[in-house]
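A short worksheet on the structure shown next.
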Amino acid sequence: MKNNQEKWVNEVVESMKGSQRAKPAPELLGKITHQLFDQKAKVLSIRQWRIIAIAATLILALNILAISQLSSNNKAVNTQMAEKNSGQQDIISNYKLYE
Amino acid sequence: MSREYQILKSIANGDETAFRELYVQFSERVYNTALSYAQNVEDAEEITQDVFTKIFRSADKFKGKSKVNTWIYRITVNTALNHLKSKKRLSFIQFGGEIKQQIDFEHPGVLLENKEKAKALFKVIKTLPESQKTAFILSFIEELPRQEVANVMKTSLKAVESLLQRAKANLRKKLQKQYPKK
């Protein structure tokens, strides 16, 4: 039994011996030469489009994150400014001696 | 200067006829190797297209330090491995690490009596580490001499032999595990 299995495994490992080479589709050469010699604009494959879409989504998400952080920072600065201004108003009103 | 080297020089000058000649000479080797890695026709064609585009764009960089055949095999192996990596990354993004069920690959050139065995072989080849996979594909599917495999992989003959021993041992172990009733 074990010998049979070993024999089978060896046959599997050697199973591509004497096989023929697979041939590419005849239209592939035309596709490649068209891309290299005829076409001015680069044609993107679906895979490249997917990668571009993922990259664009990432950039968009990062931008949204940056804008939201910036606006929350602005709010904080505005509050601080408002507090500061009200403090100055107090001082100014304190110097209005003849009112 | 070899005829292939002359063809590459002409390709570097933008000669389309020379490019077609090189394609006729090497496309089967490139496609067959790509098919062994990708195990599907669409990906193998995409890899072949990438390889010939790279050959066209870097023909002027070929200095004749290695054989043209070795250089083209090296480009093919690197392109195929990169293709597999990016496909893995993409499927991880799309399916969140879930393994997609794939149909067993059937090599179109295999002898009829070896069809089932070759199917089992390709199923386990996929699981080999990169360098073992390359050594095995170039030696046992492309049937390149060991020294040529070493040249393609930029390593020593001894290292290739050791990689092949480990690849065979791994394949045997995996085949026995996956097909215990054979």
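In what follows, every chain begins at residue 1, and chains take the letters A, B, ... in the order their sequences are listed. Since we're looking at a predicted model, the values are computed, not measured. We use all heavy atoms of the structure for the numbers below, so side chains are in, but hydrogens, waters and symmetry mates are not.
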As a test of understanding, state which of B/E142, B/E143, B/H107 forms a side chain to side chain donor-acceptor pair (under 3.5 Å) with A/R21.
B/E142
Look up atom CE in A/M16 and atom CD1 in B/I137, then write down how far apart they are to the nearest 0.5 Å.
10.0 Å
Counting heavy-atom pairs under 4.5 Å to chain A, which of B/I125, B/V41, B/V30, B/L111 comes out on top?
B/L111
So which residue, B/K119, B/E113, B/Q49, B/K115, ends up with the most heavy-atom pairs under 4.5 Å with chain A?
B/Q49
CG of B/L112 to OG of A/S19, rounded to nearest 0.5 Å, is 13.0 Å
Hey, which of B/F140, B/F19, B/F52 has the most heavy atom pairs under 4.5 Å with chain A?
B/F19
Report yes if the side chains of A/E14 and B/K117 come closer than 4.5 Å at any heavy-atom pair, otherwise no.
no
Does the side chain of A/W8 reach to within under 4.5 Å of the side chain of B/L175, using non-hydrogen atoms?
yes
Taking the side chain as every heavy atom from C-beta outward, state whether A/R47 and B/K87 have any atom pair closer than 4.5 Å.
no
Reported CG-to-CG distance for the pair A/N10 and B/L171, which is rounded to 0.5 angstrom:
11.0 Å
If the threshold is 4.0 Å, N to carboxylate O, is there a salt bridge linking A/E6 and B/R172?
no
Does any part of the side chain of B/Y179, heavy atoms only, come nearer than 4.5 Å to the side chain of A/V9, both counted from C-beta?
no
So which of B/T53, B/T48, B/L35 has the largest heavy-atom pair count under 4.5 angstrom toward chain A?
B/T53
